[in-house]
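Data first, discussion second: the structure below is written as structure tokens.
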Amino acid sequence: MNNSSKNELWGIVKPIVAYGSLALNLALFGSWLLFAYTNEKHEDAQMAFYKLWPFDYYLLAFIAIFLGIFSCIYFARAKGVWPKIWLVIQILLVHLFAWGLL
């Protein structure tokens, strides 16, 4: 693999990872909000959330934070208004997941 094909591959992988991370973070946050508003007790919402996602919450939160940092870098360097909007949303979500682990 020469250097130009590596750059082309990396150019394809970066947006996939950045937008995939944004989708994962929105799905995690959205599913938690859905279960929080549809269940009366916190424990019921927590159990419904854990049943939906096949991995442990701490693993999901670590993945969301790690990929979220990468996508923040990508969105900060991307040109246009929409990447900056996604950047602000991603920063808020990553901060929320990091704060939830404290």
Side-chain angles (χ1 to χ4, degrees):
M1 212 180 227
N2 60 18
N3 203 13
S4 66
S5 64
K6 286 181 183 178
N7 288 338
E8 290 175 12
L9 179 64
W10 185 238
I12 294 169
V13 170
K14 285 191 296 188
I16 291 172
V17 171
Y19 286 103
S21 170
L22 179 64
L24 172 67
N25 288 346
L26 288 173
L28 284 170
F29 185 68
S31 63
W32 179 251
L33 279 180
L34 174 71
F35 294 134
Y37 284 116
T38 57
N39 293 305
E40 292 182 16
K41 296 182 181 178
H42 174 71
E43 292 80 17
D44 295 339
Q46 190 174 17
M47 289 307 297
F49 181 80
Y50 289 154
K51 286 180 186 176
L52 174 68
W53 294 98
F55 302 108
D56 184 43
Y57 173 73
Y58 296 108
L59 178 64
L60 282 172
F62 176 75
I63 291 170
I65 292 168
F66 180 74
L67 292 178
I69 292 170
F70 173 81
S71 69
C72 286
I73 294 168
Y74 174 78
F75 290 139
R77 292 181 175 180
K79 295 179 181 175
V81 175
W82 281 106
K84 303 313 179 222
I85 294 171
W86 300 134
L87 172 67
V88 170
I89 292 170
Q90 191 73 304
I91 288 172
L92 293 173
L93 291 173
V94 168
H95 179 72
L96 178 75
F97 292 135
W99 185 261
L101 291 177
L102 293 179

Tyr57, OH: over 12 other non-hydrogen atoms inside 6.0 angstrom
yes
Nearest heavy-atom neighbours spanning Leu52 and Ser31:
CD2-CB, 3.6 Å
Tell me which one of Ile89, Leu67, Leu87 satisfies side-chain contact (heavy atoms from CB on, under 4.5 Å) with Leu22.
Ile89
If I take atom CG from residue Leu60 and atom OH from residue Tyr50, how far apart are they, to the nearest 0.5 angstrom?
10.0 Å
Considering all heavy atoms, the nearest Val94-Gly68 contact
CG2-CA, 3.6 Å
Kindly give the heavy-atom pair with the smallest separation between Cys72 and Ile91, and that separation in Å.
SG-CG1, 3.7 Å
Once you round to the nearest 0.5 Å, how far does CG of Asn25 lie from CG of Leu92?
11.0 Å
Please determine whether residues Leu59 and Met47 belong to a single hydrophobic cluster, defined as Ile, Leu, Val, Met, Phe, Trp and Tyr linked transitively by side-chain heavy-atom distances below 4.5 Å.
no
Check the hydrophobic clustering (I, L, V, M, F, W, Y; side-chain heavy atoms under 4.5 Å; chains of links allowed) and say if Ile12 and Tyr74 are grouped together.
no
Could you pull out the closest heavy-atom pair between Gln90 and Ser21, with the gap in Å?
NE2-OG, 3.2 Å
Please walk me through it: do Leu96 and Trp99 pass side-chain contact (heavy atoms from CB on, under 4.5 Å)?
CA-CA 5 Å; Leu96 178 75; Trp99 185 261; 5.8 Å; no
Of the non-hydrogen atoms in Leu28 and Trp53, which two are nearest, and what is the gap between them?
CD2-CE2, 3.6 Å
Do Ile63 and Leu26 sit in the same hydrophobic cluster, where Ile, Leu, Val, Met, Phe, Trp and Tyr count as joined when their side-chain heavy atoms come under 4.5 Å apart?
yes
Membership question, hydrophobic clusters at under 4.5 Å side-chain separation (ILVMFWY): are Leu9 and Ile16 in the same one?
no
Kindly assign one of parallel, tilted or perpendicular to the pair Phe66 and Phe62, based on the angle between their ring planes and the thresholds 30° and 60°.
parallel
Is it the case that more than 12 heavy atoms not belonging to Trp86 sit under 6.0 Å from its CH2 atom?
no
Looking at every heavy atom in both Phe35 and Ala45, which two are closest together, and how far apart are they?
O-CB, 3.3 Å
Less than 4.5 Å apart, side chain to side chain, heavy atoms only: is that true for Trp32 and Gln46?
yes
Would you say Val13 and Tyr19 are hydrophobically clustered, going by side-chain heavy atoms of ILVMFWY under 4.5 Å?
yes
